[in-house]
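Predicted model, so just to flag it, every value in this text is computed and none were measured. Labels below follow one simple rule: chain letters A, B, ... track the order of the sequence lines, proteins then strands, and each chain is numbered from 1.
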Amino acid sequence: MKLESVKENASNEWYLLQDSRDPVIYVGTATCGRSAGALGVIEALQKDDDINNSRIIETGCLGLCYAEPIIMIKKTGRPLLAFGKVNPRVAARLVRDYLNEDKINNDFVLGTVGEERINGVGKLFDLPVLKPQVRRILNNCGFIDPENIYHYIANSGYSGLQKTLELKPDEIIGHVKVAGLRGRGGAGFPTWKKWKTARDEANKQPAANNESPAFIICNADEGDPGAFMNRSLLEGDPHSVLEGMLIAGYTIGASRGYIYCRAEYPLALSRLKTALDQMRELNLLGENILGTDFSFDIRIKEGAGAFVCGEETALIASIEGKRGAPVPRPPFPAEVGLWEKPTVINNVETFANVALLLKHGADWFTEYGTEKSRGTKTFSLAGKIKYPGLIEVPLGITLKEIIFDIGGGPSDGKKFKAVQTGGPSGGCLSSDMLDLPVDYDSLVQAGSIMGSGGLVVMDEDTCMVDVARYFLEFTQKESCGKCVPCRLGTKAMLDILSKITQGKGEEKDLNFLKETGAAVQKGSLCGLGKTAPNPVLSTFRYFENEYTQHVKENKCSGKTCKEMISYYVLEENCTGCTVCKRMCPQEAIIGESKEVHKIIEEVCIKCNICHEYCKYDAIEVN
Amino acid sequence: MPDDLKQIIHRHWGERSELISILQKIQEQYGYLPPEAMQETASYLKIPDTAVFAVATFYSQFRFEPRGEKLIRVCLGTACHVRGADRFLANLKKELGIEEGETTPDGKYTLESVACIGCCALSPVLTLNEEVIANITSPKIRKMLIKK
């Protein structure tokens, strides 16, 4: 089958949808949409007799997670109109009002999509959270049905592959080199180098029937806590990643690829399965793809909950059915990888970039970014921030622009304290670093890493020692145990950090942390151990005063460490409603109805339940 | 050994690389890995029992005790952590009277934590069986437990 005939069918289906006389309602049903109640919204729409002539299309995530559930409505003669924070109670009325009476509810409307306008409604992409973004990877996310391959193809999907199949592998590597694409998984290794090594090695393999001389692996093990870019992309536009894998396979001469996706992402896994089935039907997978000599198949491997499997040699061990323990490099997987064959392992976003850059060319790709960090990058913005979500920005943008212009700054009017980049391998940067350009090299210089793109914002009520302890607890749990410095070093550091957060820290502990951290960095085999001390060392660098406060003054300015805080009732706000008293699991609150309550400090376990239940802001933490 | 268990295992080709996915299929069906299922897997793949056990214990997804009717997993990702996830976990432990990884004596709840489910923008979150509950608060958790 040729792509041209498929393209024709795809365009027909897509344009029928665009010009549909019946209204079309797009509902974002990625994991974030679903957790915010998107499926309930769909149910409410389907039940309503007035609007059941409308077609409902489930899409991926637009990235405005704070506004989920999001629906977009298309009716004849009008631009696509987006609404946010829709709930099952208002959904049907909202849609009915707009479809039947042209009434737009201003409490929910987000904006129009595209250049067309409707009176009184702004453009969606003029929202402050979207305006500074450059959406290339995420271009389709939220607008197409990820479970319909025709939607992807109609939006020029697989044309990168089509171009690829007309090129020689060396030419493709040349394009990727000129574009300067670096791995989006975190370390930023030049993609072309990995591919070239693997191709050269694959050419040396003896010819064997039915056996792939090399392998492609897509690393979708997104294990960094606080990161969800890959999940969103796989849920919103899986074909963009799979197209990149095909291009890589053709380039290095592989006929088999694996996508290693974590089990914690059930929706991404199911959308990938659907995508692969549809590709097989259209001869985009299997023998003689699109009538060429190129044959390729992709299998899904489900991760089983081990962070270390994001490391490439551990990931390979896991695909082979073993414990995910890393092995020394060199040889690198590009030389000796899966089943000892040359193997290219790239991140989800790297593959999506490959498909785009082959489609549009290297010049297009380099329109954005800095000299050494080309292109755009997706980030997930979470933590204590006003507009959390998934964003895509040109590399080189400053942290300030991301956190304040796009993210709206910390939530609840609190003061910004730090941003954590790069997950457990990264670090925490302080407000002094807000002007730092976000690119691979600047972040390393600042003591952190870019990582895969997780950004967690922390406000004044976050304790940085506790954050360091949190990450060490994580890496200590996830250490595979192979190298002693990592296995025991992370444990020793965790013990000390726990001691400090419990108010038992001594001054000598601080030096011990620095020394052990340096030893763990030097003595560990893989990235997990080598970078495990980063959260501690970076918090030392920017927030040393918090450590000394804990140790010397027994004080936690982030009001987090239980041994250093106490809960009390703010007498002027307390109405004596007894809610806190009834909810306290410790019976630590006394006071009669309509009289000011009191917390008995000795009994209080600082569970925060009273604070959450109090409607009068009468519970304070000191 | 129940026939369906055998079927789950024997549906595979018998290659070593299928080990993890076989274990996942067993757990999907039973909620945990019964010892005899791991032994059967070992003999089917022609590898020692210990090799299966070594892999099963390495990955945090696998459980060796039956799980309760409802599985609560509190997400401990970074975004959830800075929004108080560990407090919610501690409060749930106290409320249910069990530790992480345990099941209530009546078999109703199993409590676990998970490193991150990637729902960070709606943190803090937990999952109740397949459902993700976003922006959790103590009142929300209370309602969830009362609702049965």
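- One finds the CD atom of B:Gln61 at 6.5 Å from the CD atom of A:Glu302 (value rounded to the nearest 0.5 Å).
- Contact annotation for B:Leu122: only side-chain heavy atoms (C-beta onward) come within less than 4.5 Å of a heavy atom of chain A.
- Contact annotation for A:Thr560: neither backbone nor side-chain heavy atoms come within less than 4.5 Å of a heavy atom of chain B.
- Put simply, of B:Val55, B:Leu45, B:Leu19, the one with the most heavy-atom pairs under 4.5 Å next to chain A is B:Val55.
- Close approach to chain A, defined as a heavy atom under 4.5 Å from one of its heavy atoms, is seen in no residue of residues 27-38 of chain B.
- Side-chain N or O atoms of A:Lys301 include one that pairs as donor or acceptor with a backbone N or O of B:Ser17 at under 3.5 Å.
- Listed in order of number, the residues of residues 451-458 of chain A that approach chain B to under 4.5 Å between heavy atoms are A:Val456, A:Val457, A:Met458.
- Looking only at distances, no side-chain donor or acceptor of B:Tyr59 sits under 3.5 Å from a matching main-chain atom of A:Gly303.
- Residue contact with chain B, scored on non-hydrogen atoms closer than 4.5 Å, involves the backbone of A:Ile385 exclusively.
- Rounding to the nearest 0.5 Å gives a distance of 9.5 Å between OH of A:Tyr265 and SG of B:Cys119.
- Here the SG-CG distance, from B:Cys120 to A:Leu390, works out to 10.5 Å after rounding to the nearest 0.5 Å.
- With a threshold of 4.5 angstrom between heavy atoms, A:Asp466 approaches chain B through its backbone and through its side chain.
- Every residue two or more places apart in sequence or in another chain that forms a ring-ring contact (aromatic ring centres under 6.0 Å, His included) with B:Tyr44 is listed here: B:His10.
- Residue A:Arg231 touches chain B through its side chain alone, counting heavy-atom pairs closer than 4.5 Å.
- For A:Thr31, the parts lying near chain B are the backbone and the side chain together; criterion is any non-hydrogen pair under 4.5 Å.
- Residues of residues 79-97 of chain B lying under 4.5 angstrom from chain A, judged on non-hydrogen atoms, are B:Ala79, B:His81, B:Val82, B:Arg83, B:Asp86, B:Arg87, B:Phe88, B:Asn91, B:Lys94 in numerical order.
- Among B:Glu131, B:Arg142, B:Glu18, the residue with the largest count of heavy-atom pairs under 4.5 Å with chain A is B:Arg142.
- Of the atoms belonging to A:Cys309, it is side-chain heavy atoms, and not backbone ones, that fall under 4.5 Å from chain B.
- Note that CZ of A:Phe474 and OG1 of B:Thr78 are 7.5 Å apart. Values are rounded to the nearest 0.5 Å.
- B:Thr137 touches chain A through backbone and side chain together, each having a heavy atom under 4.5 Å away.
- Judged purely by atom type and a 3.5 angstrom limit, B:Ser60 uses its side chain to pair as donor or acceptor with the backbone of A:Gly305.
- By the neighbour-count criterion of 12 heavy atoms within 6.0 Å, atom CD of B:Glu65 is sparsely surrounded, having that number or fewer from other residues, nucleotides or ligands.
- For chain A, the nearby part of B:Thr57 is the side chain; its heavy atoms alone come within less than 4.5 Å.
- With respect to chain A, the highest number of heavy-atom pairs below 4.5 Å among B:Ala51, B:Ser123, B:Ala115, B:Ala54 belongs to B:Ala54.
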